[in-house]
Amino acid sequence: MSKVIHVILSGGVGSRLWPVSRKSMPKQYIPMFGEKSLFQLTVERSKSLVNSTLVVGNKDNYLLSQADMMRAGVNEFTEIIESAPRNTAAAIAFAAFASQPDDILLVTPSDHIITNEAAYADAISKAVAMAEQGNLVTFGITPTKPETGYGYIEYSGNEVVSFREKPNENTAKEFINSGSFLWNSGMFCFKAGIYLDELSKFEPAILEKSLRCFEGGVGGLLPETQTMLIPSKSIDYAVMERSEKIKVIQSSFGWSDLGSFESIWEHWESQGEIHRFKDNNCVVGSEKHVEFLGVTNIVLVETSDAILVLAKTSSQDVKKIYERLELEKPELVN
C-alpha cells in the first residue's frame, strides 16, 4: 500500500473577502469557525486519514501555517515555501518532487469548509483506491444551487466528460437541471509519479523549471529568481483538462470554498448562528450595535480600518474593490 500524503495548498489571499482577508492574514488563517481557522480545520479533518502532511505555502504566510499546524496537533510535517506564487501546477509539482513516485498525494486547498466528515473519509478512501490504479482523481461536489462562482465538471459515473468554466446564472441553471454536472472542488488525489509524468507530457516547461527551482531550494525555501521563470498555470489547465487518466468521485459531503460573503452567510445560516443576522441582513466583524432599516440581504463588514457594505448578491464583485485598492491604497490590502 502506498504512503498517503496530505498536500495542503495555502497560497491564496481571499480577495473576495476583503477587508477581513488581507495579504498579511488571508482568509484561511482567520479564526472565524469555533475559534478555529479554515487551515486548522483542513489539517484536523484529514490527519487520521493520511500518513503524513506536506504544506506548500509562501514566504508571507508560512509562519501562520506553522502556528495552525501546532494548534491542530501535527508537530511533524514537510514544508515548501514559495518565494512567489506560480499557481497550482507548479505548487503540486514541488510536493511531488518531495515525495516518492508511488506516494499518493491527497491535494486540498486550505480554505474550504467541509461538513459530514464520515462522507469525506469515504470519498478519500475511494479516491485513494482509484489513485492506486494510476488514475488522476478529482472530487466533484453534488451541487445544491446554480452557483456562478464555481467551475463545473460534466460527468458520467466516474468518467469526466468535460470541465466547464464558471458559468453565468442561466448556464448554471441548465447545468443543475441536466443532473450531469458537479461542482469542481479543487481537490485531487494521484500518485506523485503519475502527476509528474502527465505534467511532463503537457507542460514540459513547467516541469523542468519547477524541478530546477526545487533543487535550488534551501531549508524548504525556494529561490525567487528561479521561481519567476516558472510558467504560471493551474493544474486544471495544465493537466486535468488534457489527461486521459482523469476520474471523478461524486462527493456528498457538505462543501463550500467560503470564497465570498454570500457563501459565509449560507454557512453561518446552515449552522444556526443566528447572532450573525439581523432583519435578514448579516454582520461580519463588527462589535458595535448595528441596526438596519428598509434594506434586506445586506452584508456589513467592519475591521479596524475599513467598512464594506454590499448586497449579498454582489459578493463575487468584492474582488474588483480589492484589485482597485491594491493600486490606489495598498496599505488597505496588506
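Not measured: the values here are computed from a predicted model.
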In this structure, CG of D317 is separated from CZ of R16 (nearest 0.5 Å) by 10.5 Å
Closest non-hydrogen contact found for S234 with T88 is CA-OG1, 3.3 Å
(message) Under a 3.5 Å threshold, yes or no: a donor from one side chain and an acceptor from the other, between N297 and N280?
(response) yes
Here the gap from L199 atom CG to L136 atom CG, rounded to the nearest 0.5 Å, amounts to 10.5 Å
Shortest non-hydrogen pair, S185 vs I141, comes out as CB-CG1, 3.8 Å
Taken in chain and number order and not counting sequence neighbours, the residues that satisfy salt bridge (charged side-chain N to carboxylate O under 4.0 Å, His left out) with K233 are E203
| Do K201 and D197 sit within salt-bridge range, that is, some charged N less than 4.0 Å from a carboxylate O? | no
Counting only N and O atoms by type, is there a donor-acceptor contact under 3.5 Å from the side chain of S243 to the main-chain atoms of V239? no
Sequence neighbours excluded, the answer for side-chain hydrogen bond (donor to acceptor under 3.5 Å, both in side chains) partners of K245 is none
Practice item. Answer yes if the side chains of E154 and S162 hold a donor-acceptor pair under 3.5 Å, and no otherwise. Key: yes
Are any of the side-chain nitrogens in E331 or K329 under 4.0 Å away from the carboxylate oxygens of its partner? no
So salt bridge (charged side-chain N to carboxylate O under 4.0 Å, His left out) across residues 69-85, not counting sequence neighbours, yields D68-R71
Taking N58's backbone N and O only, do any of them form a donor-acceptor pair with N61's side chain (distance below 3.5 Å, no angle check)?
yes
Donor-acceptor pair, S21 side chain versus W18 backbone, under 3.5 Å? no
Side-chain donor-acceptor contact under 3.5 Å, N168 with T171
yes
Query raised in the report: Between E323 and K320, is there a side-chain N and carboxylate O pair less than 4.0 Å apart?
Result: no
Check: Ignoring hydrogens and geometry, is there a side-chain-to-backbone donor-acceptor pair from K3 to D102 under 3.5 Å?
Finding: no
Connected to F202, directly or through other members, by ILVMFWY side-chain contacts below 4.5 Å are none
Applying ring pair (Phe, Tyr, Trp, His ring centres under 6.0 Å) to F33 and not counting sequence neighbours gives H267
Between F277 and W268, is the ring centre distance below 6.0 Å?
-> no
Point to revise | M130 side chain reached by C189 side chain, heavy atoms, under 4.5 Å | key: no
Spell out, as yes or no, whether a donor-acceptor pair under 3.5 Å connects the side chain of Q271 to the backbone of E273. no
I'd like to check I249 versus V137 (side-chain heavy atoms, cut-off strictly below 4.5 Å). Are they in contact? yes
**Request:** Is it possible for you to say whether Y155 and F163 belong to one hydrophobic cluster, with membership spreading through side-chain heavy-atom contacts below 4.5 Å?
**Result:** yes
Checking S315 side chain against K312 main chain: does a donor-acceptor pair fall under 3.5 Å? yes
For F253, the ring pair (Phe, Tyr, Trp, His ring centres under 6.0 Å) test, sequence neighbours excluded, returns Y120
For W255, the ring pair (Phe, Tyr, Trp, His ring centres under 6.0 Å) test, sequence neighbours excluded, returns H112, Y150
Side chains of S210 and R212 only: does a donor on one sit below 3.5 Å from an acceptor on the other? no
request  = Return yes if some donor-acceptor pair links the side-chain N/O of N177 with the main-chain N/O of K173 below 3.5 Å, else return no.
outcome  = yes
Query raised in the report: Would you say the side chain of F190 lies within less than 4.5 Å of the side chain of V107, judging by non-hydrogen atoms?
Result: yes
Going through the distances and angles, do L64 and M25 end up as a side-chain contact (heavy atoms from CB on, under 4.5 Å)?
-> CA-CA 8 Å; L64 297 173; M25 180 60 76; 4.0 Å; yes
Please tell me whether S65 and Y29 have a donor and an acceptor in their side chains that are separated by less than 3.5 angstrom. yes
Does V50 reach the side chain of L106, with side-chain heavy atoms less than 4.5 Å apart?
-> yes
Subject >> Donor-acceptor side-chain pairing of S286 and E302 below 3.5 angstrom >> reply: yes
| field | Pairwise side-chain contact, I30 with L17, heavy-atom cut-off 4.5 Å (strictly under) | value | no
Check: T142 main-chain N/O paired with T144 side-chain donor or acceptor under 3.5 Å | no
Using a 4.5 Å side-chain heavy-atom cut-off and chaining through intermediate ILVMFWY residues, the residues clustered with L221 come out as Y62, L63, I81
By salt bridge (charged side-chain N to carboxylate O under 4.0 Å, His left out), E44 pairs with (sequence neighbours left out) K36
Separation between CD1 (I80) and CG (L9), nearest 0.5 Å, reads 10.0 Å
Are E198 and K191 ion-paired here, with the side-chain N under 4.0 Å from a carboxylate O? no
### Message
With side-chain contact (heavy atoms from CB on, under 4.5 Å) as the criterion, how do K278 and E291 come out once you've worked through the C-alpha distance, each side chain's angles and the decisive distance to 0.1 Å?
### Response
CA-CA 8 Å; K278 188 174 183 65; E291 294 285 347; 3.2 Å; yes
Note to self: Between N135 and A131 (side chain of the first, backbone of the second, donor and acceptor by atom type, cut-off under 3.5 Å), is there such a pair?
What the structure shows: no
When rounded to the nearest 0.5 Å, the distance separating CD1 of I124 from CD1 of I104 is 11.0 Å
Going by chain and number, the hydrophobic cluster around I298 (ILVMFWY, side chain to side chain under 4.5 Å) further includes V283, V290, F292, V295, L300, I307, V309
Query raised in the report: Are a donor atom and an acceptor atom from the side chains of Q28 and S37 found within less than 3.5 Å of each other?
Result: no
Side chains of R45 and T42: closer than 4.5 Å at any heavy-atom pair?
yes
| query | Going by heavy atoms in the side chains, are V56 and I8 under 4.5 Å from each other? | reply | no
Under a 3.5 Å cutoff, is there a donor and acceptor pairing between the side chains of T108 and H6?
yes
Report task. Just do the salt bridge (charged side-chain N to carboxylate O under 4.0 Å, His left out) check on E326 and K23 with the steps written out, would you? Result -> CA-CA 10 Å; E326 199 169 18; K23 291 181 180 180; 2.9 Å; yes
| Can you list the steps and then say if D305 with R22 is a salt bridge (charged side-chain N to carboxylate O under 4.0 Å, His left out)? | CA-CA 12 Å; D305 60 353; R22 309 286 182 102; 2.6 Å; yes
Under a side-chain separation threshold of 4.5 Å, the hydrophobic residues clustered together with V218 are none
* **Beyond-backbone contact of F188 with V7, side-chain heavy atoms, under 4.5 angstrom** => no
If only atom types and distance count, is the side chain of R276 paired as donor or acceptor with the main-chain N or O of V284 below 3.5 Å?
no
Contacts of S232 meeting side chain to side chain contact (heavy atoms under 4.5 Å, CB included) (sequence neighbours excluded), chain-then-number -> R86, N87
SB check K27 D257 (cutoff 4.0 Å): no
